[in-house]
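In the text below, chain A, chain B and the rest are named by the order of the sequence lines, each starting its count at 1. What you see is a predicted model; the values in this text were computed from it and never measured.
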Amino acid sequence: MSLIKEKREEADREVLKRCLRGETESFGEIVEAYKHSIFERVYRWVGHAETAEEITQDVFMKAFRQAGNFRGEAKFSTWLYQIALNRCRDFYRSGKSRKEQPLPPDTALESPAPLEDEKAGRAEDAARLRRALEKLPPIYREAVSLRYLDEMSNEEITKVTGESLSNVKMRVSRGLMKLREHLGKEESP
Amino acid sequence: MNADEKEKLKNLLGEEFSSEEIDEILKKDPKLGASAERISVLFKQIRMEKTPALSPDFTVRLMEHIEAPSLWQRLGQSLFSFRALATAAACAASFIVGLWLAPQYLWGPKPEPLSVREAIDAQGQPVYYVRFTAKSPGAHTIAVAGDFNQWNPLPLMQVNAQEGVFSAEVPLRPGTYGYSFVVDDKKWVVDASAPHFVEDGFGNKNSVINL
């Protein structure tokens, strides 16, 4: 598997070189290779499909414009991921809130079957967690999202964010404490 | 302390956390141990949510905005191959500028010390108005977070855009408070003007003020 990844990395660098020489149509290969993984990550963070798609577009536009800045010291996928992370930071900093997706009009009137009850319960749990995440200050939300939505280890988070391990651990632990507090407020009668 | 809850919290936080660090966290938030498994399950439910599909024309729409670089842009980008020369030139220029600016920063004005003004509130209780001031050239935002606001970053007001000085006065009751500044929502910076400092349990230092 690592040989495949190495070949992927080589191919990506080659495409970037071609783009820098003016063969911009090659960039489509990179978009096709990474669009789903970037979109999935961004969607987990922002929770809204339309916004996630706009941000994903921005990520690739920025990657294209900054292709000359890619030094090749880190993996290309990590570099692309860092662009996505910065773009999501900008999104939260801009104060644009996640748009609520309204329920279809008939949903509330039906009597759901037991299996649907379970699904509805899980959906409500997920929504509750998202609301609690939204309330976290950005510095904690990012750490918690990287740790638990992207399932990165604390060590991996240091590579993506450039922060020290002690800082990452501090943000993750404080973020969890605040998350528990917000969830507790939502769940208490 | 419930050993099972501590173990679940350790699994949630990650192997990089030592037993002592987890004990410290449980001291600050005793309920976190009991909630660890529940939180883990909630995150798993989000991760299992089906991601919506991207628009089928995503790549086509994106590539419509990708233009071939002009001759000047390609010329500029080809300097990538002369990076070593450009880097050396930039380093030399930085060194010269640094020599010119150094006196201002080495012997220039020091950060304003923390200032405290004592008062009595309407209920006759003592209150201290603490002015937090932070300087970080180029910063867009600086906030202060500490024991007095449950470590929720509180934005300071920009008072000097050119020098990146931010300040705010915060009313506090008598007590001892650990705190730190947060620059641009991502970097924790200790307040060098604070009278005391303390380890935060993760290898960093927090500033401390006693009122």
Side-chain angles (χ1 to χ4, degrees), chain A residues 19-25 27-28 31-32 35-36 39-40 43-44 49 52-53 56-57 60-61 64 67-68 89 92-93 122-123 125-126 128-130 137-140 142 147-149 151 153-155 161 163-174 176-181 183-184, chain B residues 9 12-17 21-22 24-25 28-29 31-32 35-36 38-43 45-49 51-55 58-63 65-69 73-74 76-80 140-141 143 145 150-153 182 184-188 200-204:
Chain A
C19 287
L20 289 171
R21 289 197 295 261
E23 299 170 34
T24 54
E25 63 281 358
F27 193 70
V31 176
E32 283 298 302
K35 65 181 182 181
H36 292 296
F39 175 70
E40 187 175 342
Y43 175 75
R44 277 198 206 136
E53 189 159 320
T56 306
Q57 286 260 341
F60 285 108
M61 288 299 299
F64 175 76
R89 279 174 179 163
Y92 280 111
R93 203 174 290 143
R122 285 203 296 268
D125 280 345
R128 194 177 295 129
L129 180 60
R130 284 203 187 282
I139 198 163
Y140 299 136
E142 179 181 283
R147 179 82 184 92
Y148 301 110
L149 293 182
E151 295 187 277
S153 67
N154 295 294
E155 195 66 56
T161 60
E163 291 292 334
S164 66
L165 183 61
S166 56
N167 269 346
V168 168
K169 282 156 64 177
M170 180 262 291
R171 293 177 194 191
V172 166
S173 58
R174 283 200 188 134
L176 269 185
M177 285 187 229
K178 292 200 174 302
L179 196 70
R180 186 208 59 73
E181 200 182 306
L183 284 170
Chain B
L9 183 58
L12 184 63
L13 286 167
E15 60 185 22
E16 295 92 343
F17 283 79
E21 285 169 340
I22 293 176
E24 199 56 40
I25 290 165
K28 289 176 187 166
D29 187 352
K31 294 182 185 175
L32 191 56
S35 305
R38 172 89 179 119
I39 291 174
S40 188
V41 165
L42 287 175
F43 273 113
Q45 281 169 357
I46 287 194
R47 289 196 303 268
M48 282 169 58
E49 277 182 336
T51 306
L54 262 177
S55 304
F58 177 88
T59 305
V60 167
R61 282 188 292 115
L62 178 71
M63 294 307 292
H65 291 99
I66 301 278
E67 292 172 357
Q73 285 172 320
R74 293 213 308 273
Q77 284 167 355
S78 75
L79 287 175
F80 179 82
H140 298 291
T141 63
Q150 292 77 49
W151 292 93
N152 284 312
V182 186
D184 288 343
D185 286 332
K186 57 186 178 189
K187 191 175 166 188
W188 292 88
D200 72 351
F202 299 102
N204 300 314

Given 3.5 Å as the limit, does a donor-acceptor pair link the side chain of B:Asp29 with the main chain of A:Arg174, or not? no

Given a strict heavy-atom distance threshold of 4.5 Å, which part of A:Thr56 is in contact with chain B: side chain, backbone, both, or neither? both

Given that the side chain runs from C-beta out, which part of B:Ser40 has a heavy atom under 4.5 Å from chain A: side chain, backbone, both or neither? neither

Donor-acceptor check, side chain of B:Ser55 to backbone of B:Phe58, threshold 3.5 angstrom: yes or no? no

Could you check which of A:Glu53, A:Met177, A:Glu25 has the highest count of heavy-atom pairs closer than 4.5 Å to chain B? A:Glu53

Answer with side chain, backbone, both or neither: which region of B:Glu16 has an atom nearer than 4.5 Å to a non-hydrogen atom of chain A? both

Suppose we screen for side-chain contact (heavy atoms from CB on, under 4.5 Å). Which residues come up paired with A:Arg44, at least two apart in sequence or across chains? A:Glu40, A:Leu149, A:Asp150

Applying a strict 4.5 Å limit to non-hydrogen atoms, the region of A:Glu163 in contact with chain B is side chain

Using only atom types and a distance under 3.5 Å, with no angle test, would you say the side chain of B:Asp184 pairs donor to acceptor with the backbone of B:Thr141? yes

Can you tell me which of A:Glu142, A:Glu32, A:His36 forms the most heavy-atom pairs within a distance under 4.5 Å of chain B? A:Glu32

Tell me, please, which residues at least two apart from A:Tyr148 pass ring-ring contact (aromatic ring centres under 6.0 Å, His included). B:Phe43

